[in-house]
Amino acid sequence: TFLGVSSNLSPEHLNEQAIAASSFVYLEGYLVRSPTGLEAMKAAKRFAERRNVKTALTFSDPSMVKYFSEQMNQVIGASVDLLFCNEEEAMIFTGTGDILSARQKLKEVAKHFVITMGANGAMIYDGDTFISIEPYKVKAVDTNGAGDMFAGAFLYGITHGQSYAEAGKLASLASSRVVTQFGPRLEPAQVQTILGDLIAS
């Protein structure tokens with residue numbers, strides 16, 4: 001993975017005004033491999049918590065959890081408001097061998113979380129109950145960006161008045177559309193079509 005300019009991210013690059021004006025600050029797990037990136041994540045989380053801004057974290061990749069678990073725990077601290085991970089990441093992080101055990105352990109570090117399960121959809125913990133999100137059956141040609149699309153669409157949903165179940169459905173639909181094409185992004189017209197499809201259903 002080429003992290004580009006984000007490899008050089010440090011606390012001095014943080015925009016505290018932007019964080020304070022946000023509903024969530026979203027922390028990218030890939031940054032734990034960079035000493036300055038790790039410090040930037042921790043600083044952003046501390047600032048967000050002081051301003052009552054919610055914190056969201058994605059594990060990003062199984063290797064980040066496997067080889068940088070100590071750094072990941074430093075970022076999590078007591079807890080995060082929302083965690084995104086896939087099945088493998090959840091089990092590696094919790095040291096469990098099955099997803100049901102992993103989801104119970106994740107309650108200890110995240111107030112809410114989403115576990116994506118590829119073609120099997122996703123599992124959401126809304127702080128009270130577990131919600132199963134059905135997948136949209138498609139022919140995947142490129143899964144690059146699917147996790148980021150899911151997280152982005154989910155965050156859009158819950159910050160625009162949707163329930164966790166509704167946001168999960170939106171995220172599942174958006175990520176199913178992005179894997180049917182090459183590249184990790186959807187065009188604005190595609191986004192509007194997805195929103196329209198959900199309203200129609």
Side-chain angles (χ1 to χ4, degrees), residues 1 6 22-31 53-62 64-65 80-94 98-100 102-104 106-107 109-201:
T1 300
S6 65
S22 300
S23 299
F24 275 88
V25 59
Y26 181 69
L27 305 171
E28 179 63 65
Y30 278 124
L31 292 174
V53 174
K54 293 179 181 178
T55 56
L57 169 69
T58 173
F59 281 155
S60 297
D61 187 90
M64 296 298 103
V65 183
V80 291
D81 292 294
L82 178 59
L83 174 68
F84 293 95
C85 60
N86 62 31
E87 291 175 283
E88 184 180 3
E89 292 159 358
M91 290 186 285
I92 292 173
F93 182 78
T94 58
D98 64 89
I99 199 62
L100 295 181
R103 73 180 192 178
Q104 292 301 322
L106 286 179
K107 289 181 181 180
V109 297
K111 297 172 185 175
H112 313 88
F113 56 83
V114 176
I115 304 174
T116 56
M117 302 184 294
N120 294 318
M123 181 187 303
I124 296 172
Y125 178 62
D126 67 0
D128 182 41
T129 59
F130 288 101
I131 303 166
S132 293
I133 301 298
E134 294 296 319
Y136 287 84
K137 296 186 181 299
V138 295
K139 182 179 180 180
V141 298
D142 180 13
T143 59
N144 181 34
D148 291 324
M149 180 61 69
F150 193 104
F154 187 83
L155 284 165
Y156 173 88
I158 62 174
T159 56
H160 284 75
Q162 293 186 355
S163 67
Y164 274 64
E166 291 169 335
K169 187 175 181 180
L170 171 63
S172 181
L173 179 56
S175 57
S176 75
R177 296 283 174 86
V178 81
V179 300
T180 64
Q181 62 184 38
F182 289 101
R185 299 178 184 274
L186 293 173
E187 297 295 330
Q190 293 175 289
V191 173
Q192 293 305 314
T193 298
I194 290 169
L195 293 172
D197 288 347
L198 284 178
I199 293 172
S201 64

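This one's a predicted model, so the numbers in the text were calculated from it and none came from an experiment.
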Rounded distance (nearest 0.5 Å) linking atom CD of E166 with atom CG of L198: 9.5 Å

So among Q181, R177, R185, which one has a side-chain hydrogen bond (donor to acceptor under 3.5 Å, both in side chains) with Q190? Q181

What one should report as the nearest heavy-atom pair of V178 and A146 is CG1-CA, 4.1 Å

Atom CE in M117, atom OG in S132: separation rounded to 0.5 Å? 6.0 Å

Tightest non-hydrogen contact, residues A140 and T143, listed as CB-CG2, 4.4 Å

Between F150 and A171, what is the shortest heavy-atom contact and its length? O-CB, 3.3 Å

Rounding to 0.5 Å, atoms OG (S163) and CG (D126) come to a distance of 9.0 Å

Short side-chain to backbone donor-acceptor contact, D142 and G183, under 3.5 Å: yes

Can you tell me if S172 uses its side chain to pair, donor with acceptor, with the backbone of G168 under 3.5 Å? no

Minimum heavy-atom distance between A90 and L106, given as atom pair plus value: CB-CD1, 4.0 Å

Where Y26 and L155 come nearest, the two heavy atoms and their spacing: CD1-CD1, 3.7 Å

Donor-acceptor pair, distance only, cut-off 3.5 Å: does the side chain of E89 make one with the backbone of D61? yes

Say you draw a straight line from CD1 of I133 to OG1 of T116; how long is it, rounded to the nearest 0.5 Å? 12.0 Å

Out of curiosity, F24 CZ to L57 CG, how far, rounded to the nearest 0.5 Å? 12.5 Å

Restricting to non-hydrogen atoms, name the atom on I115 and the atom on E87 that form the minimum distance, rounded to 0.1 Å. CG2-N, 3.8 Å

Checking L173, V179, T180 against Y136 for side-chain contact (heavy atoms from CB on, under 4.5 Å), the one that qualifies is L173

Within a strict 4.5 Å, meaning less than it, do heavy atoms of the M149 and L186 side chains meet? yes

Hey, are the side chains of F154 and L82 touching, using non-hydrogen atoms and a 4.5 Å cut-off? yes

If I take atom NE2 from residue H160 and atom OG from residue S23, how far apart are they, to the nearest 0.5 angstrom? 8.5 Å

side-chain contact (heavy atoms from CB on, under 4.5 Å) test vs L83 passes for just one of F93, Y125, F113, namely F113

Under a 4.5 Å cut-off applied to non-hydrogen side-chain atoms, are V65 and E88 in contact? no

Between M123 and F130, is there a side-chain heavy-atom distance shorter than 4.5 Å? yes

